[in-house]
K.L.:
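Below are the structure tokens for one structure; questions will follow.
Quick caveat: nothing in here was measured; it's all calculated off a predicted structure. Throughout, protein chains are lettered first and strands after them, A, B, ... in sequence-line order, and every chain is numbered starting at 1.
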Protein chains: 2
Amino acid sequence: MRRKPPVTAPHPRPERRAPRGRGRRRASRSTNAVTLADVAKIAGVSPITVSRVVNRPELVHADTVAQVQRVIARTGYVPNMLAGGLASRRSRLVAALVPTVVNSIFVDTIQSLTDTLWEARYQVVLGMTGYASHGSREEALVSAILSRRPDAVFVVGVNHSRDSRRRLLTAHVPVVEVWDLTTSPIDMVIGFSHEQVGAAVGDYLVGKGYRRIASVWADDERALRRRKGLLESLARHGLGEAGASLVPAPSTLRGGRQAFAALLDRGTDADAVVCSSDAFAHGVLAEAQVRGIAIPSRLAVLGFGDLEFAAETVPALSSVRIDRHGIGRLAAEALLARIEGKPAGPKVVDVGFQIIERETT
Amino acid sequence: MRRKPPVTAPHPRPERRAPRGRGRRRASRSTNAVTLADVAKIAGVSPITVSRVVNRPELVHADTVAQVQRVIARTGYVPNMLAGGLASRRSRLVAALVPTVVNSIFVDTIQSLTDTLWEARYQVVLGMTGYASHGSREEALVSAILSRRPDAVFVVGVNHSRDSRRRLLTAHVPVVEVWDLTTSPIDMVIGFSHEQVGAAVGDYLVGKGYRRIASVWADDERALRRRKGLLESLARHGLGEAGASLVPAPSTLRGGRQAFAALLDRGTDADAVVCSSDAFAHGVLAEAQVRGIAIPSRLAVLGFGDLEFAAETVPALSSVRIDRHGIGRLAAEALLARIEGKPAGPKVVDVGFQIIERETT
DNA sequence: CCACGGAATGATAGCGTTGTCATTCCGCGC
DNA sequence: GCGCGGAATGACAACGCTATCATTCCGTGG
């Protein structure tokens, strides 16, 4: 049972604190780190002036700037952004939530995001949510990351738990969802339609004369939507899927190779294999090579992502190109604009995609 | 004459104005976010009790905990770690500095680091320094990251600029350098000897009967030290390098393929190619396949890193295995121990390496 | 000469949390 | 009955910085 809180006579708060002279009973919590106040004292200016020299030097007289910077260099002062962020309500931190960075199609996007934000003096905290199929820790991560008070949030995908979505909404922070599209973004979305990719791939392969189309997919939600688009396209052409093999995300060469082997061992008669990633497709090429399956004459292979290596496999892999760097840059720019309170751009940006035909189709 | 009438509202104003009564001349800086004090008021306890419920619930009566947590859930309170970190001098942040995450051998290490730290309620801020050859921004990053007051720093490599090293030293923060060895770490080092790897690779290939050994290397400092070890080994066996091709980091399949093509076009007579990464080796395999060079009968290929795909290439790639996950986990554990002030473990940990023989050698 | 305005700088009061005692309550042993 | 110790809770003052005025100092035009 709950104890009664002791009622102590609250003494009225003094209007003004007595001169700070010495703490009566508290040990100082101070550390040995150089603070802005130290710099100010040495330079013979007020703390606020040092703050201005660091953050907005154009407001301070050039001589003062030089003088203060000399002291900063000499003392090795490093600003404390925890304190600065607390006071200014600007953490200069952007949170990025991605499923994974291992073997990942997202790293280029993150790289561009980071680079663009770095120019604007922002840093990125990366959160890896894991794939939903493995028990996503997205909710816990969203909480953890919001407690850092990021000035903006970047998140892969548009399907978040009710709770995550609510938290992001109530945080009153610019949010950009990427690598997908939706008509009802939390805030902004920059991506492309996975269904359209699937459909375009289906139309493309059927157009090239392939009729028995199998697939190798990761059990990732976006990948499965591409497959859905593919199946619908095939259906429109009066075709069905000539076998499929599902692999746990993330995508690896090994996974693709094993999945394709399984497909073959089940006796598939496919004349084309569509993969949910270039890594899978690369695995298919490897297994085909081992088994002496001629590509593309006996079997066409199509990847997704158009990663750097796609052009250099043997034979060169056809794939679906996504502007991965563009997504990162656009996301950074959109977030920065929102942070600065600039007029809002479009809520939804479709960056599209492009089928790159090489030697495997 | 810079008289400018405000055409647009210059600043977004506070959402709500607290009826704080005695505001003599200052506008309130309050926001609409729920604070610990709000929770305390609603729950009828003191702020410090709420703090304890969040951070050390074992100190608080179970009923009080339940009561406060109910209020937290209802109000959607999210702790402000900027404030918490400022007050407690614990940011619960670990900085990780890596050259890159693109096509990178480091991602598994980072993944393990992040996972292990996550368990202990720490988060990782990632800084990408770029490779030295591209004009490393390590110094700027070190400053930027230290201003976040991380509780620990993880950094790839042991050769830092004088300035970076000094800053890290004076920050009085646990530091672990990884992926390399040195006898004079900033604080701790967990890695392996690149020279030894090179030497072991040389001995291994010579032992297998190869005599004309060429190489494909990234112009990364650690890679070049492996090469140095290789050359020394060859010299001990009375051999020289049968050609080399240097490629800009980071390692990609394309880079390896082109480098090997260049080597061939220069008319190399190598019977083995040592690569500074599996990605390069994969590229060599691709080019060899195109040119009909039988592997390993006419040419042996050896990678480095033993990435996931190495076992699945055709033919399966021989490589040098590094315990990438182990380095990340060990680093996290060492840093956590140091943060908690536990007795210091060894300053230098050599995780070693292992040559994995597959089909290409 | 003087009000006026802009440039430069400063004083004050927080920002939201936690470290450091301090206090209250209660059970227990003598 | 009383002192003691531990459990539970609280008051207060930082932590290091910046937002928000306020002030000082000049040069200028009327």
K.L.:
Given D:dC17, is OP1 or OP2 found less than 4.0 Å from the side-chain N or O atoms of A:S88?
P.N.:
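Answer is no, no contact under 4.0 Å.
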K.L.:
What is the distance from CZ of B:R90 to P of C:dG19, rounded to the nearest Å?
P.N.:
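Between P of C:dG19 and CZ of B:R90: 9 Å.
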K.L.:
Reckon A:T64 has a side-chain N or O less than 4.0 Å from the OP1 or OP2 of C:dT9?
P.N.:
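Looking at the OP1 and OP2 atoms of C:dT9, one of them is under 4.0 Å from a side-chain N or O of A:T64.
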K.L.:
Write down the distance between CD (A:Q67) and C1' (C:dT9), rounded to a whole number of angstrom.
P.N.:
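After rounding, the reported distance stands at 14 Å.
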K.L.:
Rounded to the nearest Å, what distance is computed from the CG atom of residue B:D38 to the C1' atom of nucleotide C:dT17?
P.N.:
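Those two atoms, CG and C1', are 13 Å apart.
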K.L.:
For B:K347, does the NZ atom have more than 12 heavy-atom neighbours from other residues, nucleotides or ligands under 6.0 Å away?
P.N.:
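Above 12, so yes.
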K.L.:
What is the distance, to the nearest angstrom, from the CD1 atom on A:I48 to the C1' atom on D:dT23?
P.N.:
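Going from CD1 in A:I48 over to C1' in D:dT23 covers 14 Å.
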K.L.:
Atom CG of B:L86 to atom P of C:dG14: distance rounded to whole Å?
P.N.:
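That distance rounds to 17 Å.
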K.L.:
Rounded to whole Å, how long is the line connecting atom NZ of B:K41 with atom P of D:dT9?
P.N.:
20 Å
K.L.:
Checking contacts here: which listed nucleotide (D:dC15, D:dC17, D:dG16) is nearest the side-chain heavy atoms of B:A87?
P.N.:
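Given the options D:dC15, D:dC17, D:dG16, the side chain of B:A87 is closest to D:dC15.
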K.L.:
Using every non-hydrogen atom in the two residues, find where A:P57 and A:V65 come nearest and quote the distance to one decimal.
P.N.:
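Nearest pair, atom of A:P57 first, then A:V65: O-CG2, 3.8 Å.
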K.L.:
Using atom CZ of A:R149 as one end and atom C1' of C:dC15 as the other, report the distance to the nearest whole Å.
P.N.:
11 Å
K.L.:
Tell me which nucleotide among C:dT18, D:dT20, D:dG16 gets nearest to the side chain of A:R52.
P.N.:
D:dT20
K.L.:
Checking A:E139 against A:H160: is there a side-chain donor and acceptor pair closer than 3.5 Å?
P.N.:
no
K.L.:
On DNA chain D, nearest-nucleotide positions of A:Y77 versus B:A62: which is more 5'?
P.N.:
B:A62
K.L.:
Is the closest side-chain heavy-atom distance between B:R89 and B:R149 below 4.5 Å?
P.N.:
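The answer is no, as the side chains (C-beta and beyond) never meet within the 4.5 Å cut-off.
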K.L.:
Find which nucleotide of DNA chain D each of A:P47 and B:V60 is nearest to by heavy atoms, and output the residue with the more 5' nucleotide.
P.N.:
B:V60
K.L.:
Rounded to the Å, how far apart are B:L36 CG and D:dC15 P?
P.N.:
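Taking atom P of D:dC15 as the reference, CG of B:L36 is at 19 Å.
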K.L.:
Going by the rule ring-ring contact (aromatic ring centres under 6.0 Å, His included), which residues pair with A:Y77 if we only count those two or more places apart in sequence or in a different chain?
P.N.:
none
K.L.:
Could you tell me whether the phosphate oxygens of C:dG10, OP1 or OP2, come under 4.0 Å of any side-chain nitrogen or oxygen in A:S46?
P.N.:
yes
K.L.:
When you check the phosphate oxygens OP1 and OP2 of C:dG16, does a side-chain N or O of A:R89 lie under 4.0 Å from one of them?
P.N.:
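Yes.
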K.L.:
Below the 4.0 Å mark, does C:dT9 have OP1 or OP2 next to a side-chain nitrogen or oxygen of A:T49?
P.N.:
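No, no such contact exists.
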K.L.:
Below the 4.0 Å mark, does D:dT18 have OP1 or OP2 next to a side-chain nitrogen or oxygen of A:N55?
P.N.:
yes
